[in-house]
Amino acid sequence: MCYVYVLLSTSSGRYYVGHSEDPDFRLTEHNAGKVVSTRNKGPWVRVHLEAFPSRSEACSREREIKSWKSHSRIADLVG
C-alpha cells in the first residue's frame, strides 16, 4: 500500500501534501527536520490520509491535490 497524506503546520497553518509507504515514519521525519521542504516550518500534524494499492495511483492523487494550489480547497478535503 502507498498513502497520500496532508500535513498541517501548527505554527503557520500551512499544508503539505506528500506520499509514502509508511506515513507514520514520514511524519516523524518531517517533524525531525529531515525533509528540506518542511524544515523549520513545523511542528506538523497529519490531518488527512488516503490509501492506494500502488505507488503510481498515490502519486497521481498527490499531483491532483497539489494542482489545486488552494488553501481553502485543501481545507475542505481535510474537513
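Looking only at side-chain heavy atoms (C-beta outward), Val35 and Arg26 come within less than 4.5 Å of each other. For the pair Cys59/His19, a side-chain contact is recorded, criterion being any heavy-atom separation below 4.5 Å from C-beta on. At least one side-chain heavy atom of His30 sits under 4.5 Å from a side-chain heavy atom of Tyr5.
Hydrophobic side-chain contacts under 4.5 Å tie Phe25 to no other Ile, Leu, Val, Met, Phe, Trp or Tyr residue.
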Practice task
Determine, step by step, whether Thr10 and Leu8 satisfy the side chain to side chain contact (heavy atoms under 4.5 Å, CB included) criterion, reporting the C-alpha distance in whole Å, the side-chain angles of both residues, the deciding distance to 0.1 Å, and the verdict.
Solution key: CA-CA 6 Å; Thr10 60; Leu8 175 66; 5.6 Å; no
Exercise for the section: Output, in order, the C-alpha distance, side-chain angles, deciding distance and verdict of side chain to side chain contact (heavy atoms under 4.5 Å, CB included) for Asp24 and Thr28. Expected result: CA-CA 6 Å; Asp24 293 330; Thr28 301; 5.8 Å; no
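A continuous path of Ile, Leu, Val, Met, Phe, Trp and Tyr side chains, each step under 4.5 Å between heavy atoms, connects Val17 with Phe52, placing both in one hydrophobic cluster. Val78 is not connected to Leu49 by any chain of hydrophobic side-chain contacts under 4.5 Å among Ile, Leu, Val, Met, Phe, Trp and Tyr, and they are in different clusters.
Relative ring orientation between Tyr16 and Trp44 is described as perpendicular, the plane-to-plane angle rising above 60° on a 0-90° scale split at 30° and 60°. Using a 30° and 60° split on the angle between ring planes, His71 and Tyr15 fall in the tilted class, from 30° to 60°.
The shortest heavy-atom contact between Gly42 and Ser11 is O-OG, 2.9 Å. Between Ala58 and Val4, the shortest heavy-atom contact is O-CG2, 3.2 Å. In plain terms, the two heavy atoms of Glu62 and Gly18 that are nearest each other are OE2-CA, 3.5 Å.
Arg39 CZ: more than 12 foreign heavy atoms inside a 6.0 Å radius. Annotation: Lys66, atom NZ; neighbour count of heavy atoms from other residues, nucleotides and ligands within 6.0 Å is above 12.
Under the side chain to side chain donor-acceptor pair (under 3.5 Å) criterion, Ser12 pairs with Ser9, sequence neighbours left out. By the side chain to side chain donor-acceptor pair (under 3.5 Å) test, Arg61 pairs with Glu50, Glu64, sequence neighbours left out.
Atom CD1 of residue Ile74 and atom CZ of residue Arg14 lie 10.0 Å apart, to the nearest 0.5 angstrom. A distance of 10.0 Å separates OG of Ser20 from CG of Leu27, quoted to the nearest 0.5 Å. Interatomic distance, Ile65 CD1 to Arg73 CZ, rounded to the nearest 0.5 Å: 9.5 Å.
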